[in-house]
Amino acid sequence: MNEIDVQLALGVELFNRGEFFEAHEAMEDAMNLLDDDTADWDFYLGLLRASVANHKLGDGERSSARLHLRAALKFLAPYPDRHRGIKLREFRSALTAELARLDSATPTVTPPRIELAG
C-alpha cells in the first residue's frame, strides 16, 4: 500500500467515525501526494467535499452543506461504481439521498458511510 492509499484509508476511517474535518485533511493529504498524476484528482476532491459538507452539517450550516454535497456529486460522477476500493455507486446514492433530505428541510440528516468494495 502506497502513501496515497494510506491517506485514503485514513480518510475513509475518519469519515465513517464522523470526524469530518479530519477526514477532509486526510483526503487533502492524499491529493497533495498525487504530484503530476492528476487522473484521480476529482475523485479525491469529491471525497474531500463530501467530508466538508458533513462537517458543515454538523455545525448547522445546512446551506453550505448543500453546496458542498452538490460539488462532491459533480466531482465523483465520472468515476466507475467501484473505484480505489470504494463502493462509489452506493456512496453517490447516499450523498444524493442526503442532499434530498437537506433540500426538503428534514430536521435530522444523518451522514452516510463510505463502504469498501470487498
Roughly how far apart are [X] [atom1] and [Y] [atom2], rounded to 0.5 Å?
X    : Y   : atom1 : atom2 : answer
N32  : E3  : CG    : CD    : 12.0 Å
L47  : M31 : CG    : CE    : 10.0 Å
H55  : H68 : NE2   : NE2   : 9.5 Å
I114 : E90 : CD1   : CD    : 12.5 Å
D59  : F21 : CG    : CZ    : 10.5 Å

Which atom of [X] lies closest to which atom of [Y], heavy atoms considered:
X    : Y    : result
F43  : L76  : O-CD2, 3.5 Å
R101 : T110 : NH2-O, 3.5 Å
L57  : E98  : CD2-OE2, 3.6 Å
A65  : K56  : N-CB, 4.0 Å
K87  : L116 : CE-O, 3.4 Å
F75  : D42  : CB-O, 3.3 Å

With hydrophobic residues grouped by side-chain heavy-atom distances under 4.5 Å, do [X] and [Y] end up in a single group?
X    : Y   : result
V12  : L10 : no
L102 : L73 : yes
L45  : L33 : yes
L95  : L14 : no
L88  : L34 : yes

Between Y79 and F91, does the ring centre distance come in under 6.0 Å?
no
Show every side-chain hydrogen bond (donor to acceptor under 3.5 Å, both in side chains) that has at least one partner inside residues 19-29, sequence neighbours left out.
R17-E19
Whether the side chain of [X] engages the backbone of [Y] through a donor-acceptor N/O pair (distance < 3.5 Å, no angle test) should be reported.
X   : Y    : value
T96 : R92  : yes
N2  : I4   : yes
N16 : R113 : no

Pairs touching residues 97-118 that satisfy ring-ring contact (aromatic ring centres under 6.0 Å, His included), sequence neighbours left out:
none
Applied to residues 93-118, the ring-ring contact (aromatic ring centres under 6.0 Å, His included) test, sequence neighbours excluded, yields none
R84 with D5: basic N within carboxylate O range, under 4.0 Å
yes
Looking at E115 and R82, does any basic side-chain N land under 4.0 Å from a carboxylate oxygen?
no
Side chains of N54 and P112: does their closest heavy-atom pair fall under 4.5 Å?
yes
